[in-house]
2 protein chains.
Amino acid sequence: MSQRAKETFTTAPAPTPAALRARIRGLGASMTRSAQIVAEAVAADPAGCSRLTVTALAERTGTSEATVVRTARLLGYPGYRDLRLALAALAGRQESDEAPAVTAGIAVDDPLADVVAKLAHEEAQTLADTAAALDLAQLSAAVDALATARRIDIYGVGASALVGQDLAQKLLRIGLIAHAHHDPHLAVTNSVLLRPGDVAVAVTHSGATGDVIDPLRHAFERGATTIAVTGGPASPVTHYADLVLATSAARESRLRPAAMSSRTSQLLVVDCLFVGVAQRTYDTAAPALAASYEALAPRHRATAPRTARQEPRT
Amino acid sequence: MSQRAKETFTTAPAPTPAALRARIRGLGASMTRSAQIVAEAVAADPAGCSRLTVTALAERTGTSEATVVRTARLLGYPGYRDLRLALAALAGRQESDEAPAVTAGIAVDDPLADVVAKLAHEEAQTLADTAAALDLAQLSAAVDALATARRIDIYGVGASALVGQDLAQKLLRIGLIAHAHHDPHLAVTNSVLLRPGDVAVAVTHSGATGDVIDPLRHAFERGATTIAVTGGPASPVTHYADLVLATSAARESRLRPAAMSSRTSQLLVVDCLFVGVAQRTYDTAAPALAASYEALAPRHRATAPRTARQEPRT
DNA sequence: ACCGGCCCCGAAAATAGCTTTCAAAGGTGA
DNA sequence: TCACCTTTGAAAGCTATTTTCGGGGCCGGT
């Protein structure tokens with residue numbers, strides 16, 4: 001057997017994914033001069049190098065393609081192609097680790113890209129907070145109450161009205177009798193009709209919105225089961241709530257007082273309620289969902305109109 | 001201009017790193033059959049596919065090299081090589097994120113704690129996907145249009161109606177003239193009044209909701225700037241949209257067909273629009289926000305009623 | 001100091017993989 | 001049914017990677 005079949009000396013057995021850095025350090029001085037240069041360049045900027053071709057990397061390091069390939073082999077990969085792939089993976093990993101770089105608040109002069117990143121990050125944070133803070137016992141009791149309710153009234157005004165409507169829409173779709181009221185007068189008018197076995201839900205971030213508290217109080221006094229979805233666990237609304245579901249009370253900055261985190265948080269709670277109820281009433285919920293889906297189908301256009309695309313007018 | 005220079009139709013401008021998942025979901029049904037097969041294989045096993053050559057992937061999916069390359073282009077990369085790199089990066093990232101523990105869908109018999117965790121995780125995922133996939137150029141243009149609009153009409157029905165209302169509420173609070181219409185007839189009636197300088201926004205997850213497309217078309221034909229917030233970047237609604245803001249089109253499982261991920265995604269887009277507009281019009285937006293906040297104060301009860309807490313009836 | 005041997009290195013040939021072209025097959029609307 | 005457009009795979013064309021090959025430097029021996 002020849003002592004060097006065709007310059008294929010697999011120095012290391014492992015084409016490892018991310019142990020790359022260690023490997024480079026490990027081999028360190030045992031590499032030839034130009035191999036070191038290449039390895040160093042790779043270690044210094046994996047992401048950047050992953051975007052280069054052999055030729056480009058050779059040029060950048062002032063070496064030749066052959067040397068680059070040899071270095072890749074030294075590092076344990078079958079060839080440069082695979083080193084490049086590993087480099088990309090490494091870059092992806094790093095990127096995900098350093099993601100929460102944008103924790104701060106949003107400023108007036110942030111570029112749009114930052115705004116998007118910050119908003120997404122903050123809302124994700126809010127979701128995590130809310131999930132962690134949710135009282136499962138209360139949630140479970142709320143699900144029970146909703147699942148067996150004769151009738152469900154939901155109160156919310158302003159931004160919370162939308163959350164209430166979302167809940168009502170969802171519950172309706174699985175066959176429950178749910179109404180969302182955002183008109184305070186109508187809410188009160190309806191609330192006095194409730195009785196034991198009914199459920200009233202109040203959605204209010206501050207927990208101090210009179211227009212929502214009033215109908216809830218009436219429902220409470222008439223014996224309905226009352227649920228408060230609020231960011232203020234000790235706020236006025238909780239006085240008339242049998243069950244309190246806490247939403248995250250993230251501070252709202254100057255540029256987003258109009259309910260962002262709070263809305264996200266409330267919606268998560270609503271979703272939890274909905275899924276919980278849907279699970280508990282699966283036998284009736286599933287067909288109801290299917291039916292409403294079918295009923296909607298004809299309102300969707302299957303394909304784009306065949307006419308040529310109309311150009312935006314000049 | 002030739003209609004097809006050399007089969008180089010860069011469907012999407014962004015060769016983004018991690019927006020891949022979102023992109024695949026988004027294009028979804030708008031791809032050709034074999035492209036779907038390839039995309040699906042890629043989405044199902046990014047790490048594995050990143051190790052395959054064009055030929056190998058073509059064979060695995062039962063298609064041809066050409067199709068694989070075309071799919072890579074569809075997903076926004078210059079070619080397969082780059083897709084492969086991105087895949088590797090994605091794999092690396094995933095590996096580092098590794099233990100979301102509760103990745104799977106929600107089952108009928110999941111305990112409530114799991115439901116909460118899964119929902120929160122999925123919605124957070126959706127947020128990340130959406131943020132990654134958002135086209136900043138389109139967003140920026142949309143912000144400009146909104147900020148300078150004479151009048152803004154927003155169309156959405158069903159779950160998307162709530163998103164539309166949310167946007168309208170926010171824009172109103174910073175002094176813009178915005179209306180959300182969820183009644184298809186009224187929407188059409190209003191849309192024919194729009195003219196250049198006005199903005200129409202359509203919110204629809206599927207992008208195929210006739211009740212929303214109709215008013216948007218009218219607005220488009222009358223010269224208003226039209227914006228589509230949709231999960232289907234190639235869906236019918238985009239035919240009449242000057243600007244398209246893509247939302248994540250995560251699959252909705254049996255227990256949550258009623259718009260959860262899609263709603264979260266849409267709301268993030270709405271928030272981005274709002275913050276963007278608020279930034280651009282800060283001088284007028286800030287006082288308007290303050291004023292609306294003041295005006296609301298009296299409707300909040302500062303403290304709990306002094307009466308003793310009423311016990312739940314026995 | 002000179003010479004021979006060995007290894008390192010880069011230029012260029014060889015090859016594998018990626019991209020493009022082209023024509024046929026499969027639909028779709030008139 | 002026919003014409004047209006879309007989609008698809010086979011094969012040609014090209015780029016990037018890998019291998020080969022020979023020049024040149026370093027070291028020990030003479």
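A note on names: the letters A, B, ... follow the listed sequences, proteins ahead of strands, and every chain is numbered from 1.
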Residue-phosphate contact under 4.0 Å: A:Thr53 side-chain N/O, D:dA16 OP1/OP2: no
D:dT15 phosphate, OP1 or OP2, under 4.0 Å from B:Arg81 side-chain N/O: no
A:Asp271 bridged to B:Arg263 by N-O distance under 4.0 Å: yes
Nearest-nucleotide pick for B:Val54, side chain only, options being C:dC9, C:dT19, D:dT17: C:dT19
Most 5' of A:Thr55 and B:Thr67 on DNA chain D, judged by nearest nucleotide: B:Thr67
A:Arg51 CZ to D:dA16 C1', straight-line distance once rounded to whole Å: 18 Å
Of B:Arg151, B:His218, B:His179, the residue whose pairing with B:Asn190 passes side chain to side chain donor-acceptor pair (under 3.5 Å): B:Arg151
Whole-Å gap separating C1' (D:dT18) and CG (A:Asp82): 12 Å
Side-chain donor-acceptor pair present, B:Ser262, B:Ser265, cut-off under 3.5 Å: no
Under-4.0 Å side-chain N/O to phosphate OP1/OP2 contact, B:Ser34 with D:dT8: yes
Distance, rounded to the nearest Å, where B:Tyr80 contributes OH and C:dC18 contributes P: 6 Å
Atom pair distance, as rounded to whole Å: CD in B:Gln36 and P in D:dT7: 11 Å
Electrostatic pair B:Arg195-B:Asp198, nearest N-O below 4.0 angstrom: no
Side-chain N or O of B:Thr32 closer than 4.0 Å to phosphate OP1/OP2 of D:dT6: no
Distance, rounded to the nearest Å, where A:Ile37 contributes CD1 and C:dC9 contributes P: 8 Å
Between P of C:dC18 and CG of A:Leu85, the distance in whole Å: 10 Å
Whole-Å gap separating P (C:dC8) and CG (A:Leu74): 10 Å
Other residues, nucleotides, ligands: >12 heavy atoms within 6.0 Å of B:Gln138 CD: yes
Closest to side chain of A:Ala66, choosing from C:dG10, D:dT8, C:dC9: C:dG10
Phosphate-side-chain proximity, B:Arg70 and C:dT20, N/O vs OP1/OP2 below 4.0 Å: no
For atom CD of B:Glu65 and atom P of D:dG9, their distance in whole Å: 10 Å
